[in-house]
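Accompanying notes for the structure given below.
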Amino acid sequence: MTERYDPQIIERKWQKKWEEQKCFEAEASHDKPKFFGLIEFPYPSGQGLHVGHPRPFTAMDVISRKRRMQGYNVLFPIGYDAFGLPTENYAIKTGIHPAKVTHDNIQRFREQLKRLGYSFDYSREVNTTDPAYYKWTQWIFLKFYEKGLAYKAEIPINFCTSCKVGLANEEVVDGVCERCGGKVIRMIRSQWMLKITEYAQRLIDDLDKVQYLDKIKTQQINWIGRSEGAEVNFQIAGTDDKLLIYTTRADTMFGATYMVVSPEHPVIEKYRDRILNMDEVSDYQKQAALKSDFERGELAKEKTGVEVKGLRAVNPVTKKEIPIWISDYVLMGYGTGAIMAVPAHDTRDYEFAKKFDLPIVEVVAGGDIEKEAFTDCDHGKMINSGFLNGLEVKDAIAAIIDYLEKEGIGKRKINYKLRDWVFSRQRYWGEPIPLVHCDQCGWVPIPEDELPLTLPMLDDFTPTDDGSSCLARAKDWLQTTCPKCGRPAVREADTMPNWAGSSWYFLRYCDAHNNKAFADPEELKYWLPIDWYNGGMEHTTLHLLYSRFWHKFLYDCGLVPTEEPYMKRTSHGMVLGANGEKMSKSRGNVVNPDDYINEFGADAFRMYIMFMGAFDQPIPWNEQGTRGCRKFLDRVWRLQEMISDSEKSSAKIYSSLHGCIKKVSEDIERMKFNTAIAAMMSFVNDVYAEGTLSKEDLHTFLQLLNPFAPHIAEEMNEQLGFEQLHHSSWPEYDEKALIEEQVEYGIQINGKIRARISLPAGISKEEIEKAVLSSEEIVKQVQGRTVRKVIVVKNIVNIVVS
RNA sequence: GCCGCUGUGGUGAAACUGGCAGACACAAGGGACUUAAAAUCCCUCGAUAGAAAUAUCAUAUGGGUUCGAUUCCCAUCGGCGGCACCA
């Protein structure tokens with residue numbers, strides 16, 4: 001009689017063994033084919049791991065464990081993305097240094113991860129806040145600077161007028177400071193920018209070279225937002241100045257009845273003396289400054305705006321004078337900050353024109369502009385448009401741009417919605433930007449041998465009154481000398497955003513302890529590209545795009561061997577709280593895995609997290625689920641009592657096992673972990689029905705179970721007397737075992753199942769048709785009706801009768 | 001608002017390329033074992049009608065394409081993610 005299944009003992013035993021034997025460290029040799037599996041490294045928050053973390057981790061652990069058994073040299077690393085706001089805010093509140101908080105949090109995370117039995121290579125762990133790591137983050141930033149891709153620009157930040165702190169967008173709730181409820185304004189600051197827009201086209205084009213889920217590609221393409229259109233100059237009446245606009249619908253120019261400029265547009269300042277209602281205009285500018293771009297873009301909001309009296313523009317095709325308005329639905333950050341408004345054919349312009357009673361001129365026939373804007377550009381012909389009349393929209397666009405170019409009024413232009421990356425944060429807990437400012441020499445990079453530029457130890461992390469980070473108060477650190485001319489100079493007090501460290505961490509995994517380079521080129525050549533990167537959909541447009549951008553830049557510098565970092569990208573659905581809402585401390589629905597591991601074991605927890613639902617869909621946590629999977633593992637454990645003395649299992653069990661091998665092997669590749677587990681459950685149910693199976697077949701089953709529940713699988717396998725599972729080869733299925741002798745056909749009459757008939761396998765369609773039509777059941781059902789058609793597909797026979 | 005995803009029993013879901021809707025579980029109910037409980041094992045389990053065989057209805061809602069639609073198309077309604085300083 002075998003002992004009772006006790007996961008607490010078994011799991012500790014195997015975790016210890018794996019660590020001692022260094023089972024999951026990637027092999028230094030480059031002889032074998034490699035597999036680099038990547039998960040998004042966690043942010044070590046103060047609450048520790050919650051049940052959402054293990055979902056992607058377990059999935060990639062399953063895949064990595066399978067790859068090892070398939071003979072690959074596997075790199076499955078782990079690290080911590082540890083710079084960031086929550087830790088800093090915690091430090092401000094408690095006075096405990098963020099480095100200490102980070103250290104403790106990481107310690108806790110690591111322990112929790114180890115308890116879950118992940119096959120991470122802990123020897124290559126990275127931590128973005130470690131100076132030995134961020135030395136290279138700074139080094140890469142200097143490369144950007146060197147190549148002219150890092151530059152300074154005047155960009156607004158959110159500033160709480162009461163705390164005197166720069167705020168992240170997330171900290172601004174309904175226009176006020178999340179912490180104190182104080183008024184938030186937009187304050188202009190000079191900030192470091194990275195020119196990601198220079199890579200916009202390549203970031204779209206090279207998606208063809210990788211296997212990302214289509215929805216991820218689509219999301220990135222839409223985010224980059226390439227559009228083909230034209231830039232057109234509108235003369236400002238009575239001046240030599242022109243207002244430049246960008247439009248994708250140049251065909252509608254004859255319908256442009258007014259113009260709108262963004263509240264920040266420089267033309268306002270320039271002509272303030274000519275503007276008759278400047279008081280009204282500046283009031284509006286002030287109001288607009290309080291809103292975020294997001295609020296301003298919201299269509300749901302009532303349109304607002306003010307006519308700029310005294311300033312008028314000339315429509316270059318109708319030659320008519322038209323009014324100029326300012327409104328916050330036009331953003332300075334996209335296009336040119338000015339638009340021509342064509343209310344008949346643009347929804348926002350239409351709404352605006354209706355509200356302020358501006359003229360609406362229909363120029364594309366086909367809609368009902370009394371009711372709404374007609375924006376369809378695939379149907380409809382031009383009207384009221386001079387030489388464009390009668391043309392289709394597509395042709396009209398080409399014709400008018402040709403005309404504009406010929407007349408020198410405008411030109412073709414490709415535009416991107418993507419904006420350059422604001423790279424400065426007025427914060428302490430980030431990588432210092434390794435530049436100094438010298439009155440003589442301007443911005444000067446610090447010499448490479450002075451990297452890393454480490455964060456000074458402070459005890460007060462609160463920002464300064466003007467919104468600068470607390471580094472601005474660290475005078476000793478701030479004051480330095482210019483590396484170029486030796487005169488006194490000042491360091492940059494802003495730090496890098498959290499995204500910096502996560503934009504290249506996967507490269508460091510290839511050679512985590514190198515202190516001469518961010519990684520050895522030979523290691524990069526072997527390990528790159530990452531074979532499979534799984535992460536959340538929420539990272540699609542920021543982290544994923546930023547890291548592709550950094551990688552392409554490093555490729556251009558000759559520092560990495562591949563154009564793209566990730567060959568394959570998949571994503572998981574979020575684990576929600578039991579109430580169906582996103583897990584968060586403030587909602588009080590955060591679930592910690594520890595309780596479940598203590599009660600049911602890590603294997604049961606891993607099984608459940610993979611079984612609970614479709615991997616790519618969000619799913620609420622269910623308290624009962626882990627118990628159910630524990631029940632399954634108990635059943636698996638008792639298979640030991642069913643081992644037969646004979647060498648072979650019954651034909652039925654053999655066939656069931658090989659069906660299971662096929663299903664599990666294929667489903668892991670498709671990330672259909674839930675159905676892979678269902679297949680294993682079915683196999684175990686079959687064995688229980690049969691009452692017995694061979695030792696060899698149980699071993700094979702344990703190989704399948706091993707990626708999901710590695711501790712129990714190794715333990716049972718050891719008791720059977722086989723070598724450790726992670727050294728064994730992934731089983732192949734026997735095709736012959738899957739062939740059935742009889743096939744059951746579903747017989748439909750006019751598309752509805754009316755009968756089931758079992759026929760021998762491998763007979764022709766004609767024979768099937770004959771057999772079905774002559775069967776007693778069908779003869780009865782079809783009686784008195786005419787058979788029009790018989791369709792035989794797979795194991796369906798549809799008889800169409802009338 | 002814009003972009004992407006999504007909607008199937010009491011619950012989580014499955015159905016791979018348009019081909020037998022509800023696999024596999026959870027919960028619930030009934031039974032066996034037990035002094036009893038836990039554990040375990042067996043049975044029932046979409047709705048309506050029926051003793052049953054069976055019939056009708058059913059994959060958010062309304063249309064469409066098709067021999068056949070959970071799957072494709074159009075519209076409507078609800079949920080989730082992202083919207084550039086949360087990570």
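Predicted model, so just to flag it, every value in this text is computed and none were measured. Residue numbers start from 1 in every chain, and the chains themselves are labelled A, B, ... in the order their sequence lines are given, proteins ahead of strands.
Across all strands shown, Q624(A) has heavy atoms under 4.0 Å from sugar-phosphate atoms exclusively, and none from any base. In this structure, G625(A) reaches neither bases nor backbone, as no heavy-atom distance under 4.0 Å exists between it and the strands shown. Nucleic acid contact for E744(A): base, since at least one base atom lies under 4.0 Å from a heavy atom of the residue. Base contact: Q191(A) has a heavy atom under 4.0 Å from a base atom. Across all strands shown, H543(A) has no heavy atoms under 4.0 Å from either base or sugar-phosphate atoms. Among the atoms of the strands shown, none is found under 4.0 Å from any heavy atom of S502(A). Contacts of F611(A) with the nucleic acid, taken as non-hydrogen atoms under 4.0 Å apart, include base atoms. Using a 4.0 Å heavy-atom distance criterion, K417(A) is classed as a base contact. In this structure, R754(A) reaches the sugar-phosphate backbone alone: every heavy-atom distance under 4.0 Å involves primed, P, OP1 or OP2 atoms, never a base. Residue A614(A) is classed as a sugar-phosphate contact, given heavy-atom separations below 4.0 Å to backbone atoms only.
To the nearest whole angstrom, the two C1' atoms, one in A15(B) and one in G9(B), are 15 Å apart. To the nearest whole angstrom, the two P atoms, one in U35(B) and one in U44(B), are 28 Å apart. Annotation: C41(B) and C33(B) have their C1' atoms spaced 8 Å apart (nearest Å). Distance noted for atom P between C72(B) and U17(B): 10 Å (whole Å). Going from the P atom of C43(B) to that of C24(B) covers 12 Å, rounded to whole Å. Atom P of G19(B) sits at a distance of 11 Å from the matching atom of U71(B), rounded to the whole Å. With both ends at atom C1', the span from U70(B) to A14(B) equals 11 Å, rounded to whole Å. Separation of the P atoms belonging to A60(B) and U11(B) is 13 Å when rounded to the nearest angstrom.
Base pairing annotation: C77(B) forms a Watson-Crick or G-U wobble pair with G7(B), both donor-acceptor distances under 3.5 Å. Searching all strands for a Watson-Crick or G-U wobble partner of A13(B) with both distances below 3.5 Å returns nothing. In this entry U40(B) has A32(B) as its Watson-Crick or G-U wobble partner, both defining distances falling under 3.5 Å. When Watson-Crick and G-U wobble pairs are counted only if both distances are under 3.5 Å, C72(B) pairs with G64(B). Look at U54(B): its Watson-Crick or wobble partner, with both distances under 3.5 angstrom, is A49(B).
Remark: P of G81(B) and CG of N222(A) are 19 Å apart, rounded to the nearest angstrom. Remark: P of G81(B) and CG of L545(A) are 21 Å apart, rounded to the nearest angstrom. In this structure, CD1 of I221(A) is placed 12 Å from P of C5(B), rounded to the nearest angstrom. Distance F41(A) CZ to C86(B) P: 16 Å, rounded to the nearest Å.
No side-chain donor-acceptor contact under 3.5 Å links N158(A) to the backbone of G166(A). Listed for the K217(A) side chain is a donor-acceptor partner under 3.5 Å among the backbone atoms of L207(A). In this structure, T540(A) contributes its side chain and I216(A) its backbone to no donor-acceptor pair below 3.5 Å.
Regarding contacts with the backbone of C57(B), a side-chain N or O of K752(A) is found under 4.0 angstrom from either OP1 or OP2. In this structure, K215(A) does not reach the C5(B) phosphate: none of its side-chain N or O atoms is under 4.0 Å from OP1 or OP2. Taking 4.0 angstrom as the limit, N685(A) places none of its side-chain polar atoms (N or O) nearer than this to OP1 or OP2 of A23(B). Proximity of N674(A) to the phosphate of A14(B): a side-chain N or O atom is located under 4.0 Å from OP1 or OP2. Close to C85(B), at under 4.0 Å from its OP1 or OP2, lies no side-chain N or O of N158(A). Phosphate proximity of C3(B) to Q219(A): absent, as no side-chain N or O sits under 4.0 Å from OP1 or OP2.
Nearest to the side-chain atoms of W223(A) among the listed nucleotides C83(B), A27(B), A87(B) stands C83(B). Comparing C24(B), A87(B), C85(B) by their closest approach to the side chain of V422(A) singles out C85(B). Closest to the side chain of R670(A), from the set A87(B), A84(B), A15(B), is A15(B). Counting only heavy atoms from C-beta on, Y546(A) has its side chain closest to A84(B) among C26(B), A25(B), A84(B). In this structure, the nucleotide among U6(B), C85(B), A13(B) sitting nearest to the side chain of I619(A) is A13(B). With A87(B), C24(B), A84(B) as the choices, the nucleotide that has an atom nearest any side-chain atom of L85(A) turns out to be A87(B). Checking G4(B), A84(B), A15(B) against the side-chain heavy atoms of L542(A) singles out A84(B) as nearest. For M681(A), whose side chain is taken as the heavy atoms from C-beta onward, the closest listed nucleotide among G4(B), C26(B), C24(B) is C24(B). The side chain of N169(A) approaches A84(B) more closely than any other nucleotide in the set A84(B), A25(B), A87(B).
Aromatic pair W429(A)/Y90(A): ring centres not closer than 6.0 Å.
Seen from the ring of F159(A), K164(A) does not count as a face-on cation partner, given the 6.0 Å and 45° thresholds. Because its NZ or CZ atom is not both nearer than 6.0 Å to the ring centre of F708(A) and within 45° of the ring axis, R606(A) does not count as a cation-pi partner of that residue.
With hydrogens and angles ignored, no donor-acceptor pair closer than 3.5 Å exists between the side chain of Q617(A) and the base of C5(B).
The existence of a salt bridge linking R670(A) and E666(A) is excluded, since no basic side-chain nitrogen approaches an acidic carboxylate oxygen closer than 4.0 Å. Taking 4.0 Å as the cut-off between side-chain N and carboxylate O, D634(A) and R630(A) count as a salt-bridged pair.
Toward the 5′ end of RNA chain B lies the nearest nucleotide of K672(A), the other residue of the pair I677(A) and K672(A) mapping further downstream. Both M612(A) and P86(A) sit near RNA chain B, but only M612(A) has its closest nucleotide nearer the 5' end.
Rounding to the nearest 0.5 angstrom, the gap separating the OG1 atom in T137(A) from the CD1 atom in I433(A) is 12.0 Å. If you take CD on E154(A) and OG on S190(A), they are separated by 5.0 Å, rounding to the nearest 0.5 Å.
Classification of the F549(A)-Y199(A) ring pair by plane angle, with boundaries at 30° and 60°, yields perpendicular.
Glycosidic conformation of G81(B): anti, with the torsion beyond 90° of 0.
Counted by atom type alone, Y43(A) and T87(A) present one or more donor-acceptor pairs between their side chains at under 3.5 Å. Residues Y80(A) and N105(A) bring no donor and acceptor atom of their side chains to less than 3.5 Å of each other. Neither side chain, S775(A) nor E777(A), offers a donor N or O lying under 3.5 Å from an acceptor on the other.
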Pairs under 3.5 Å (N/O, protein and nucleotides 36-40 of chain B):
unit_1, atom_1, unit_2, atom_2, d
U40(B), O3', R638(A), NH2, 3.2

Can you pull every protein N or O that's under 3.5 Å from an N or O on nucleotides 63-71 of chain B?
unit_1, atom_1, unit_2, atom_2, d
C67(B), O2', N798(A), ND2, 3.3
C67(B), O2, N798(A), ND2, 2.4

